[in-house]
Novice: 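Encoded as structure tokens, here's the structure I'll be asking about.
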Amino acid sequence: MTTGPDLDELVELVGRGGAVVLSGAGLSTDSGIPDYRGVTGALRTHSPMTWQTFTRDPQGRHRYWARSYVGWRQIGLARPNAGHHAVAALQGAGLLAGVITQNVDGLHQAAGARDVVELHGGLDRTVCLACGDVADRASLDLRLRAANPGFRPEHAADEVNPDGDVELPEEALDDFVMVDCLACGGGPLKPDVVFFGETVPPDRVQHCYELVVGARSLVVLGSSLTVMSGYRFVLRAAKEGIPVAIVNSGPTRGDEKADVRVDAPLGLVLPALASRLGR
Ligand SMILES: [Zn+2]
């Protein structure tokens, strides 16, 4: 899909400038990071970590970190794809008024995008559940390596989950040693991401609303808009009379609100869009 009336409409809309991008998991699948819901909208077999399990079940938390210790390396190997580069190019050309992402993989920034609002946080940071200290995930990895010299799970799955963890056998989980917050000396650490069942910090949501209300268009990239966390911005834009474009493979919850709808792979559409706009 590098030509067609839908793409023409998208080119016209984004070409006006002032667009705010809202991206989702579908933008990162070409980088090897799977979408929980995929093109069919059906949940995969792996259930994502929930806020309730992480905060109330020490064993569940331990399991997450053991899996994350392995999975983080694979997330770290992921590279931005043509879609991320196209978004950065559109921003560099002055056509975007903001980039909001539901992804926690940092790939927009790796492609050169600036001032990216990470709606659901980022895997490159940790936050302490006791004192709130925010720390670098890479530093935690060094501490975990030191605490787990013999931890080499042999059955690590080759597919990493979007939360940055992988499936591991139970016996491997028992061998894993987790470390705690250095700032307060013992608080449990959480990746600085918003888990299912957790609310996005209100000031972050407010910032996104301000971006959307001030936009000339809202362009959704690679999200089925299943969760209200992202869908509410589409509702707000529609209410304000701001044109909404949705580029996604397969149907989305926002289709009836969309003025422009491109149902095609982002890896084809976005480079074509950036190219048509002369960038
Ligand atoms: Zn702490």
Side-chain angles (χ1 to χ4, degrees), residues 25 28 33 36 46-78 100-110 114-153 156 160-168 170-208 227 229-230:
S28 289
I33 298 173
Y36 276 124
H46 172 81
S47 299
M49 173 58 72
T50 63
W51 166 251
Q52 190 171 28
T53 298
F54 196 88
T55 55
R56 297 184 191 173
D57 174 5
Q59 274 193 318
R61 193 159 62 229
H62 185 82
R63 194 178 302 127
Y64 170 85
W65 277 118
R67 291 168 171 174
S68 170
Y69 177 58
V70 177
W72 196 69
R73 241 159 291 285
Q74 293 170 247
I75 290 276
L77 291 173
I100 302 167
T101 186
Q102 301 177 92
N103 300 338
V104 296
D105 52 37
L107 292 178
H108 273 299
Q109 298 93 316
R114 304 175 312 277
D115 302 325
V116 176
V117 181
E118 295 181 300
L119 186 61
H120 296 162
L123 281 173
D124 60 337
R125 305 178 299 275
T126 60
V127 61
C128 173
L129 289 174
C131 75
D133 181 63
V134 176
D136 184 33
R137 178 67 171 81
S139 306
L140 173 64
D141 192 59
L142 293 177
R143 296 175 60 210
L144 289 177
R145 284 178 193 234
N148 292 276
F151 187 73
R152 287 184 182 76
V160 66
N161 296 311
D163 283 344
D165 57 336
V166 298
E167 297 296 332
L168 288 180
E170 290 296 322
E171 59 270 25
L173 300 175
D174 294 339
D175 296 337
F176 178 72
V177 176
M178 185 51 194
V179 299
D180 298 320
C181 174
L182 284 177
C184 68
L189 297 176
K190 173 182 173 294
D192 191 13
V193 300
V194 176
F195 284 132
F196 279 69
E198 185 179 1
T199 51
V200 179
D203 56 340
R204 197 183 298 163
V205 175
Q206 186 56 35
H207 180 48
C208 291
V227 290
S229 167

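Order of appearance sets the numbers: ligands from 1, and atoms from 1 within every ligand.
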Novice: Between R137 (side chain) and T126 (backbone), is there a donor-acceptor pair under 3.5 Å?
Specialist: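 Pair absent, no side-chain N/O of R137 close to backbone of T126.
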Novice: Ignoring hydrogens and angles, write down the donor-acceptor pairs under 3.5 Å from the side chains of residues 183-196, residues two or more places apart or on other chains.
Specialist:
{"unit_1": "K190", "atom_1": "NZ", "unit_2": "V193", "atom_2": "O", "d": "2.5"}
{"unit_1": "K190", "atom_1": "NZ", "unit_2": "E198", "atom_2": "OE1", "d": "3.3"}
{"unit_1": "K190", "atom_1": "NZ", "unit_2": "E198", "atom_2": "OE2", "d": "3.4"}
{"unit_1": "D192", "atom_1": "OD2", "unit_2": "R125", "atom_2": "NE", "d": "3.0"}

Novice: Closer than 3.5 angstrom, by distance alone: can the side chain of H108 be matched with the main-chain N or O of E118 as a donor-acceptor pair?
Specialist: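 Side chain of H108 to backbone of E118, a donor-acceptor pair under 3.5 Å: no, none is there.
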Novice: Using a distance threshold of 2.8 Å, what protein N/O/S atoms lie below it relative to the Zn ion (ligand 1)?
Specialist: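 Listed by chain and number, the nearby protein N, O or S atoms are C128 SG, C131 SG, C181 SG, C184 SG.
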Novice: Sequence neighbours left out, what pairs pass salt bridge (charged side-chain N to carboxylate O under 4.0 Å, His left out) with at least one residue falling in residues 53-62?
Specialist: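 Non-adjacent pairs meeting salt bridge (charged side-chain N to carboxylate O under 4.0 Å, His left out): zero.
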Novice: Could you check whether any side-chain N or O of T53 sits under 3.5 Å from a backbone N or O of M49, counting only pairs where one atom can act as donor and the other as acceptor?
Specialist: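 No; zero donor-acceptor contacts below 3.5 Å.
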Novice: Can you name the salt bridge (charged side-chain N to carboxylate O under 4.0 Å, His left out) partners of R143, sequence neighbours left out?
Specialist: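 Scan of R143 (salt bridge (charged side-chain N to carboxylate O under 4.0 Å, His left out), adjacent residues dropped) gives none.
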